[in-house]
Novice: 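Shown below is the structure under consideration.
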Amino acid sequence: MKRHVASLLAQALKAMREAGELPADLELPEVQVERARDRAHGDYAANTAMVLAKPARQKPRDLAETIRSRLPASEAIAGVEIAGPGFLNFTLTTAARQESVRVALRQGAEYGRSDVGAGHRVHIEFVSANPTGPLHVGHGRGAAFGDALASVLEAAGYHVHREYYVNDAGRQMDILAASLWLRYLEAAGEPVSFPNKGYQGDYIVTHARELFEADGREHVRTAAELGAGLPAEDDDPEGYLDALVARSRELLGETAYRRVLDFALEAILGDIRADLDAFGVHYHRYFSERQLVDQGRIEHALERLDQAGYTYRADGALWFQASVFGDDKDRVLRRDNGLTTYFAADVAYHLDKIERGFDTLVNVWGADHHGYVPRVQAALKALGVDAERLDVRLVQFAILYRGGEKLPMSTRSGEFVTLRELRDEVGKDAARFFYVMRRSEQHMDFDLDLAKSESADNPVYYCQYAHARICSVFRQLEERGLACRVTPDEAALERLDAEHEAILLDLLGRYPEVIESAALAREPHQVAQYLRELAAAFHTYYNAVPFIIDDEALRDARLTLVQATRQVLANGLGLLGVDAPQSM
RNA sequence: GCGCCCGUAGCUCAAUCGGAUAGAGCAUCGGCCUUCUAAGCCGAGGGUUGCAGGUUCGAACCCUGCCGGGCGCGCCA
């Protein structure tokens with residue numbers, strides 16, 4: 001409908017130019033049509049006359065008058081008014097307004113879907129937390145945002161691929177393997193001392209015991225063998241850790257070491273997958289960084305950069321000329337010790353996404369990675385890829401509070417709240433809705449005690465309650481031996497002339513526009529805001545007007561309206577990964 | 001020090017590309033269960049959109065400078 005109005009305006013402008021009412025050389029602007037914020041302003045509003053006033057050298061209101069006279073007739077438009085400084089306000093006919101109810105019920109779960117995405121292939125990468133421990137609550141926002149955005153894009157007609165990038169290569173994996181092995185030795189009764197910089201969490205102990213149960217004493221070495229000749233930990237904790245890793249590797253041999261490492265990785269990745277699963281987040285693929293290394297994709301990427309002529313050697317290292325493409329400085333790809341950097345792997349990963357045929361790459365990153373964005377963009381540009389194709393959405397951290405006290409969430413400190421604990425405390429639905437309710441750029445406060453103690457006031461329940469209430473109405477109807485006896489097309493929707501009904505009709509018609517807007521702006525919070533509005537309109541309606549009444553035609557019309565509302569609530573909540581319960 | 005993000009009601013946040021009288025929830029106060037779920041509804045109070053300039057028909061939004069908060073500035077990942 002919005003597009004219909006815009007097209008009417010565009011035709012009017014064209015006609016005016018041909019009639020000489022606008023300068024022939026005037027470039028016609030893209031017509032902006034928006035939903036009227038105030039119902040007194042009709043259904044749709046356009047600022048076209050005000051935008052054109054200056055270049056056309058005419059008064060906005062006069063221009064608006066001319067535009068109105070040139071508008072083609074439309075069955076959907078009941079009237080056009082000129083208001084304020086020169087707004088054109090369009091009012092829909094009642095028939096056009098009722099149409100949304102019929103469309104919503106006819107399309108059911110499909111209502112709201114569109115084809116603006118035109119099958120564009122979008123790769124969306126989110127969470128991608130290091131597989132060195134369970135997900136903590138800091139990852140929750142990225143998970144909720146990324147998944148909701150992916151769903152919204154799907155609904156808007158994009159072809160979406162969800163991916164988790166697993167950083168299963170490099171030093172952190174060695175530290176993980178060593179940490180798990182030391183706990184394994186403890187489980188076997190060896191008196192080893194655990195390094196401060198190792199992964200301290202209980203989950204390591206748990207998984208180490210599992211390894212002990214699975215493999216028995218096969219990987220046991222004595223504490224004496226392990227400690228012999230190692231430097232003192234206090235002097236150089238990081239150096240000590242590296243020495244410990246090297247010693248572990250040496251004592252276990254490559255095969256057993258690999259076994260321990262893979263066991264640790266699989267166990268932790270299993271935890272992560274299970275947590276995301278329970279959070280309602282499902283990926284098409286978990287993409288392994290190690291595989292990128294093993295398959296020579298990093299060398300491939302470095303060659304490509306080299307061929308493009310943007311690498312050079314200095315101080316024994318291989319550098320990328322990121323500064324040529326807008327980054328602050330050049331970046332190292334291969335260190336003087338011969339190992340490639342994390343950045344090199346990331347270049348390879350992004351190149352791989354492009355080579356897999358994706359049109360657009362959406363990266364959902366924590367805001368602490370913002371300094372990293374220019375160098376990845378620079379690499380893509382150097383590889384001849386249009387930087388517009390990479391869209392990095394930075395998600396600000398949610399600052400956690402418990403009882404008014406700010407909470408740290410570092411995995412190193414050992415005192416962090418896991419995503420699982422969050423789910424256990426406040427529930428999946430409340431957590432997901434809360435995370436996705438706000439703009440991702442907005443810093444956010446999240447008080448766990450508040451979310452728990454006031455869980456009944458959480459906006460998610462407000463929306464779910466509206467859905468459950470509607471289901472209850474139909475149960476009630478059945479109990480009284482009644483039913484809605486008409487199809488949506490037969491319903492006497494013209495009887496719905498009350499103010500509350502007009503508001504609901506208006507909102508139902510807006511839903512597809514909201515999805516489209518949320519997809520284009522990459523802002524799933526628009527959907528959450530909309531659902532709250534829709535739920536509010538329904539609750540008001542529910543309290544003001546009885547549905548199960550004696551007047552059968554009116555009763556059926558109201559039931560049809562309410563059924564359409566239920567459908568839209570269910571569709572919208574579904575996009576956000578929130579359940580729409582039949583009862584509460 | 002440099003760079004990025006943010007600053008809106010007591011609190012947490014919205015505000016459709018710059019658009020009409022800046023809106024919700026929580027909290028406070030006053031009402032509504034003898035009919036479909038009170039996890040709800042109706043009403044009231046609460047604002048110099050951090051501050052000061054600028055741009056224009058029009059600024060919470062764009063520009064400049066300050067103030068405050070978060071984050072980042074590694075041959076770590």
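It should be emphasised that the depicted structure is a prediction, and the values quoted were computed from it without experimental measurement. Residue numbers start from 1 in every chain, and the chains themselves are labelled A, B, ... in the order their sequence lines are given, proteins ahead of strands.
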Novice: Let's see if you get this right: which residues in residues 42-67 of chain A place a heavy atom under 4.0 Å from RNA chain B?
Specialist: Ala45(A), Asn47(A), Met50(A), Lys54(A)

Novice: If you find the nucleotide of RNA chain B closest to His539(A) and the one closest to Val31(A), which residue's nucleotide is nearer the 5' end?
Specialist: Val31(A)

Novice: Please report whether the ring centroid of Tyr541(A) lies less than 6.0 Å from that of Phe547(A).
Specialist: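 Ring centroids of Phe547(A) and Tyr541(A) are less than 6.0 Å from each other.
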
Novice: Phosphate oxygens OP1/OP2 of rG23(B): is one of them under 4.0 Å from a side-chain N or O of Arg532(A)?
Specialist: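 The answer is no; no side-chain N or O of Arg532(A) sits under 4.0 Å from OP1 or OP2.
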
Novice: Measure CZ/Arg331(A) against P/rC76(B) and give the value in whole Å, please.
Specialist: 13 Å

Novice: Just to be sure I understand the rule, does Arg475(A) reach a base, reach only the sugar-phosphate, or reach nothing, if contact means heavy atoms closer than 4.0 Å?
Specialist: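 If one applies the 4.0 Å heavy-atom cut-off, Arg475(A) turns out to touch a base.
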
Novice: Please list every donor-acceptor pair under 3.5 Å in which a side-chain atom of residues 36-52 of chain A meets a protein atom from a residue at least two apart or in another chain.
Specialist:
| residue | atom | partner | partner atom | Å |
| --- | --- | --- | --- | --- |
| Asp38(A) | OD1 | Ala40(A) | N | 2.9 |
| Arg39(A) | NE | Glu499(A) | OE2 | 3.3 |
| Asp43(A) | OD1 | Arg97(A) | NE | 3.3 |
| Asp43(A) | OD2 | Leu92(A) | N | 2.8 |
| Asp43(A) | OD2 | Arg97(A) | NH2 | 2.8 |
| Tyr44(A) | OH | Arg35(A) | NE | 3.4 |
| Tyr44(A) | OH | Arg35(A) | NH2 | 2.6 |
| Tyr44(A) | OH | Glu513(A) | OE2 | 2.7 |
| Asn47(A) | ND2 | Gln32(A) | OE1 | 3.4 |

Novice: Do the charged groups of Asp346(A) and Arg375(A) touch, with an N to O distance under 4.0 Å?
Specialist: no

Novice: Looking only at side-chain atoms of His369(A), point me to the closest of rA20(B), rG7(B), rA77(B).
Specialist: rA77(B)

Novice: Is the His369(A) ring parallel, tilted or perpendicular to the Tyr372(A) ring (thresholds 30°, 60°)?
Specialist: perpendicular

Novice: Is there a donor-acceptor pair under 3.5 Å between the side chain of Asp336(A) and the backbone N or O of Ala317(A)?
Specialist: no

Novice: With respect to Ser517(A), which candidate in Arg510(A), Gln526(A), Glu523(A), Glu34(A) satisfies the side-chain contact (heavy atoms from CB on, under 4.5 Å) definition?
Specialist: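 Running side-chain contact (heavy atoms from CB on, under 4.5 Å) over Arg510(A), Gln526(A), Glu523(A), Glu34(A) with Ser517(A) returns exactly one hit, Gln526(A).
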
Novice: For Ile298(A), which of Asp352(A), Val293(A), Thr341(A), Val347(A) qualifies under side-chain contact (heavy atoms from CB on, under 4.5 Å)?
Specialist: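 When Asp352(A), Val293(A), Thr341(A), Val347(A) are each tested with Ile298(A), the side-chain contact (heavy atoms from CB on, under 4.5 Å) holds only for Val293(A).
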
Novice: Taking only the side-chain nitrogens and oxygens of Arg439(A), find out if one of them lies under 4.0 Å from OP1 or OP2 of rC6(B).
Specialist: yes

Novice: Using a cut-off of 4.0 Å on non-hydrogen atoms, how would the nucleic acid contact of Asn130(A) be classed: base, sugar-phosphate, or nothing?
Specialist: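 It contacts sugar-phosphate atoms only.
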
Novice: Using nucleotides 32-36 of chain B, report all nitrogen or oxygen pairs with the protein that are shorter than 3.5 Å.
Specialist:
| residue | atom | partner | partner atom | Å |
| --- | --- | --- | --- | --- |
| rC36(B) | O3' | Gln476(A) | NE2 | 3.3 |
| rC36(B) | O2 | Phe547(A) | N | 3.4 |
| rC36(B) | O2 | Ile548(A) | N | 3.2 |
| rC36(B) | N3 | Phe547(A) | N | 3.0 |
| rC36(B) | N4 | Tyr542(A) | O | 2.6 |
| rC36(B) | N4 | Val545(A) | O | 2.6 |

Novice: Between the side chain of Arg68(A) and the main-chain N/O of Val80(A), is any donor-acceptor distance below 3.5 Å?
Specialist: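 At least one qualifying donor-acceptor pair exists.
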
Novice: Are Phe434(A) and Met444(A) packed together at the side-chain level, in the sense that at least one heavy-atom pair is separated by less than 4.5 angstrom?
Specialist: yes

Novice: Just wondering, do Tyr164(A) and Ile272(A) contact through their side chains at under 4.5 Å, heavy atoms?
Specialist: yes

Novice: Name every residue in residues 315-322 of chain A that has at least one heavy atom under 4.0 Å from any atom of RNA chain B, in order of residue number, or write none if there are no such residues.
Specialist: Asp315(A), Ala317(A), Trp319(A)

Novice: Between the main-chain N or O of Met437(A) and the side-chain N or O of Gln529(A), is there a donor-acceptor pair closer than 3.5 Å?
Specialist: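 Yes; judged by distance alone, with no hydrogens or angles, the pair exists.
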
Novice: Quick one: which of rC13(B), rC6(B), rC75(B) gets closest to the side chain of Val332(A)?
Specialist: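 Nearest to the side chain of Val332(A) among the choices is rC75(B).
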
Novice: Between rG40(B), rA20(B), rC13(B), which one does the side chain of Tyr465(A) approach most closely?
Specialist: rG40(B)

Novice: Identify, between Arg35(A) and Gln582(A), the residue whose nearest nucleotide on RNA chain B lies closer to the 5' end.
Specialist: Arg35(A)

Novice: Can you tell me if Tyr461(A) touches the phosphate of rG25(B), counting only side-chain N or O atoms and a distance under 4.0 Å to OP1 or OP2?
Specialist: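 Checking Tyr461(A) against rG25(B): no side-chain N or O falls below 4.0 Å of OP1 or OP2.
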
Novice: Rounded to the Å, how far apart are Phe538(A) CZ and rG40(B) P?
Specialist: 13 Å

Novice: Are Glu516(A) and Lys2(A) ion-paired here, with the side-chain N under 4.0 Å from a carboxylate O?
Specialist: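 No, Glu516(A) and Lys2(A) are not salt-bridged.
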
Novice: Tell me whether Gln476(A) at atom CD has more than 12 heavy atoms from other residues, nucleotides or ligands lying less than 6.0 Å away.
Specialist: yes

Novice: How many whole angstroms separate atom CZ of Arg171(A) from atom C1' of rC75(B)?
Specialist: 14 Å

Novice: Within the structure shown, what part of the strands sits under 4.0 Å from Met437(A) by heavy-atom distance: base, sugar-phosphate, or nothing?
Specialist: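 Nothing, no nucleic acid heavy atom in range.
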
Novice: Please answer whether the main-chain N or O of Asn196(A) pairs with a side-chain N or O of Gln200(A) as donor and acceptor at a distance below 3.5 Å.
Specialist: yes

Novice: Using the aromatic ring of Phe87(A) (for Trp, its six-membered ring), decide whether it stacks on the base of rA20(B) within the limits of 5.5 Å and 30°.
Specialist: yes

Novice: What distance, rounded to whole Å, do you find between the two C1' atoms, one in rU21(B) and one in rA60(B)?
Specialist: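 Straight-line distance between the two C1' atoms is 15 Å.
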
Novice: Just how far, in rounded Å, is P of rA39(B) from CG of Asp429(A)?
Specialist: 18 Å

Novice: Hey, does the side chain of Arg438(A) come within less than 4.0 Å of rC6(B)'s phosphate (OP1/OP2), counting only N and O?
Specialist: no

Novice: Stacking between His443(A) and the base of rG69(B) (centre distance under 5.5 Å, interplanar angle under 30°)?
Specialist: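 No, His443(A) does not stack on the base of rG69(B).
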
Novice: Does rA14(B) have its OP1 or OP2 closer than 4.0 Å to a side-chain nitrogen or oxygen of Gln442(A)?
Specialist: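 Looking at the OP1 and OP2 atoms of rA14(B), one of them is under 4.0 Å from a side-chain N or O of Gln442(A).
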
Novice: Over how many whole Å does the gap from Phe90(A) atom CZ to rG19(B) atom C1' extend?
Specialist: 16 Å

Novice: Does His525(A) put a side-chain nitrogen or oxygen below 4.0 Å from OP1 or OP2 of rA15(B)?
Specialist: yes

Novice: Does Arg469(A) qualify as a cation-pi partner of Tyr542(A), given the criterion of NZ or CZ under 6.0 Å from the six-membered ring centre and within 45 degrees of its axis?
Specialist: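 Here Arg469(A) passes the 6.0 Å and 45° test against Tyr542(A).
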
Novice: CD1 of Ile470(A) versus C1' of rA39(B): gap in Å, rounded?
Specialist: 15 Å

Novice: Syn or anti for rC33(B)? Use the chi torsion, O4'-C1'-N9-C4 for purines and O4'-C1'-N1-C2 for pyrimidines, with syn inside 90° of 0.
Specialist: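 That one's syn.
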
Novice: Give Tyr372(A) one of three labels, base, sugar-phosphate or nothing, depending on what nucleic acid heavy atoms sit under 4.0 Å from its own.
Specialist: base

Novice: Got a minute to check which stems RNA chain B is part of, using Watson-Crick or G-U wobble pairs under 3.5 Å, three or more consecutive?
Specialist: B:1-7 with B:67-73, B:10-13 with B:23-26, B:28-32 with B:40-44, B:50-54 with B:62-66

Novice: Find the distance Glu34(A):CD to rC61(B):C1' and express it as a whole number of Å.
Specialist: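 Those two atoms, CD and C1', are 14 Å apart.
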
Novice: For the pair made of CZ in Phe397(A) and P in rG69(B), what is the distance, rounded to whole Å?
Specialist: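 Atom-to-atom, Phe397(A) to rG69(B), this comes out as 19 Å.
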
Novice: Of the options rC13(B), rA77(B), rG3(B), whose atoms approach the side-chain atoms of Tyr342(A) most closely?
Specialist: rA77(B)

Novice: Is any side-chain N or O of Thr341(A) closer than 4.0 Å to OP1 or OP2 of rA77(B)?
Specialist: no

Novice: Between side-chain atoms of residues 391-398 of chain A and protein atoms elsewhere (two or more places apart, or another chain), which donor-acceptor pairs fall under 3.5 Å?
Specialist:
| residue | atom | partner | partner atom | Å |
| --- | --- | --- | --- | --- |
| Asp391(A) | OD1 | Arg393(A) | NH1 | 3.2 |
| Asp391(A) | OD2 | Arg393(A) | NH1 | 3.4 |
| Asp391(A) | OD2 | Arg522(A) | NH1 | 2.5 |
| Gln396(A) | OE1 | His443(A) | ND1 | 3.3 |

